[in-house]
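All remarks here apply to the structure that follows.
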There are 2 protein chains.
Amino acid sequence: MTSISTEPRTCSVARTLEIVGEKWALLAVREVFLGNRRFDEMVRKTGAPRDTMTARLKTLVAEGVLERRPVSEHPPRFEYRLTEAGLDLYPVIVSLMQWGDRHLTNGEAPPMVLTHRCGHPLGAVTTCSSCGEPIHARDVRPTPHRDSLEGN
Amino acid sequence: MTSISTEPRTCSVARTLEIVGEKWALLAVREVFLGNRRFDEMVRKTGAPRDTMTARLKTLVAEGVLERRPVSEHPPRFEYRLTEAGLDLYPVIVSLMQWGDRHLTNGEAPPMVLTHRCGHPLGAVTTCSSCGEPIHARDVRPTPHRDSLEGN
DNA sequence: GCCACTACGTCCAGTTATCGGACTTACTGC
DNA sequence: GCAGTAAGTCCGATAACTGGACGTAGTGGC
């Protein structure tokens with residue numbers, strides 16, 4: 001009964017990273033968001049080794065992020081599509097892109113600009129679903145818990 | 001002149017992933033957001049091998065995401081703090097957590113709940129900075145570019 | 001029919017990274 | 001002096017990644 005089990009923390013971040021916490025996995029997902037759903041295209045546009053891409057796609061499919069479906073019987077051809085869960089990864093991709101645009105383009109224009117249907121270049125703001133305010137780390141606390149996050 | 005250079009795509013997502021595109025890197029950052037700034041704490045709470053944590057912290061510091069500062073001279077002790085750039089990673093962490101909460105807790109309560117200063121449990125919505133609307137992949141297009149993303 | 005080409009992988013061998021556990025150094029507190 | 005903590009380092013075994021060649025199933029041109 002005396003469960004002294006300290007740590008590793010079980011947390012949704014860790015769980016999510018077990019699935020998409022690797023460069024090629026996320027880049028594959030990025031490509032599908034950009035409309036490139038075919039194996040060879042993903043390999044070319046991401047630069048991933050074919051073997052690695054095969055492995056990543058396999059787990060993404062197994063975990064329900066992508067769906068592999070045949071698009072042609074006779075030349076046997078397949079495409080990978082985002083499932084509902086996969087589509088929900090969009091904020092992850094967008095926030096990674098946002099961060100790179102802000103901190104990794106030294107002065108230069110970002111390598112790709114996304115345009116929102118409102119007509120403006122996409123800037124992403126993560127907001128609180130309850131109050132609508134932009135979220136800052138300092139305004140958030142873990143639930144009744146020993147771990148504090150005072151300061152930064 | 002005829003630059004036939006096809007691909008690998010240069011994109012902010014890829015660049016960002018070169019720095020934080022690995023499980024332990026992101027989990028280290030998560031810990032710092034949660035207020036745990038010391039080496040041993042990060043190792044325990046993340047479950048990362050000490051060696052790997054050392055390596056990740058080194059690159060995070062080199063890339064300007066974290067800052068390593070001494071907190072005590074005499075027992076030589078250090079802590080890792082988020083830089084401005086590091087703080088900007090919050091949306092990434094939050095959206096990963098959000099995704100896990102939504103897709104990886106089968107029915108059960110999420111392992112950690114964050115409370116926003118507005119008093120409500122944090123739900124994150126990624127919105128367009130121009131029009132304020134929540135962003136959906138289908139409402140976004142890459143700038144004047146051959147790649148389409150019709151369908152999903 | 002034959003050749004060239006594409007798509008979607010697999011196979012291989014060499015290199016690199018990860019892992020867990022033990023060990024080191026520099027202290028403090030009893 | 002002895003136990004304990006913090007922050008790493010070192011090590012050997014295993015696993016993962018990498019680039020390039022190869023395989024297979026088809027198409028289209030001539």
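Letters go in sequence order (proteins before strands), and every chain restarts at 1.
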Mind listing the N/O atom pairs, protein and nucleotides 17-20 of chain C, below 3.5 Å?
residue, atom, partner, partner atom, Å
C:dT18, OP1, B:R56, NH2, 2.3
C:dC19, OP2, B:W24, NE1, 2.9

Quick test of your reading of the model: are B:E31 and A:R9 salt-bridged, counting only N-O distances below 4.0 Å? yes
Please report, rounded to the nearest Å, how far the P atom of C:dC8 is from the NZ atom of A:K45. 13 Å
A:D40 CG to C:dA7 C1': how many Å, rounded? 5 Å
Contact span of DNA chain D against chain B, any nucleotide atom under 4.0 Å from a heavy atom, 5' to 3', runs D:dT5 to D:dC11
Rounded to whole angstroms, how far apart are CZ on A:R68 and C1' on C:dC8? 8 Å
Within the 4.5 Å heavy-atom criterion, are B:R50 and B:F39 side-chain neighbours or not? yes
Please answer whether the main-chain N or O of A:L96 pairs with a side-chain N or O of B:T16 as donor and acceptor at a distance below 3.5 Å. yes
Between A:R77 and B:E41, which is nearer to the 5' end of DNA chain D once each is assigned its nearest nucleotide? B:E41
Give a yes or no on whether the backbone of B:I19 and the side-chain of B:E63 come within a donor-acceptor separation of less than 3.5 Å. no
Between B:H103 and A:D88: side-chain donor-acceptor atoms closer than 3.5 Å: yes
Is it the case that the side chain of B:T105 and the backbone of B:G107 share a donor-acceptor pair, with hydrogens and angles ignored and the cut-off at 3.5 Å? no
Are the charged groups of A:E22 and B:K23 less than 4.0 angstrom apart, N to O? no
Side chain of A:T54 only, please: which of C:dT10, C:dG9, C:dC8 is the nearest? C:dT10
Between B:E79 and B:R81, does a salt bridge (charged side-chain N to carboxylate O under 4.0 Å, His left out) hold up when you go through it step by step? CA-CA 6 Å; B:E79 67 178 20; B:R81 288 205 163 241; 2.8 Å; yes
Quick one: is A:R38 getting a side-chain N or O under 4.0 Å of the C:dC8 phosphate, OP1 or OP2? yes
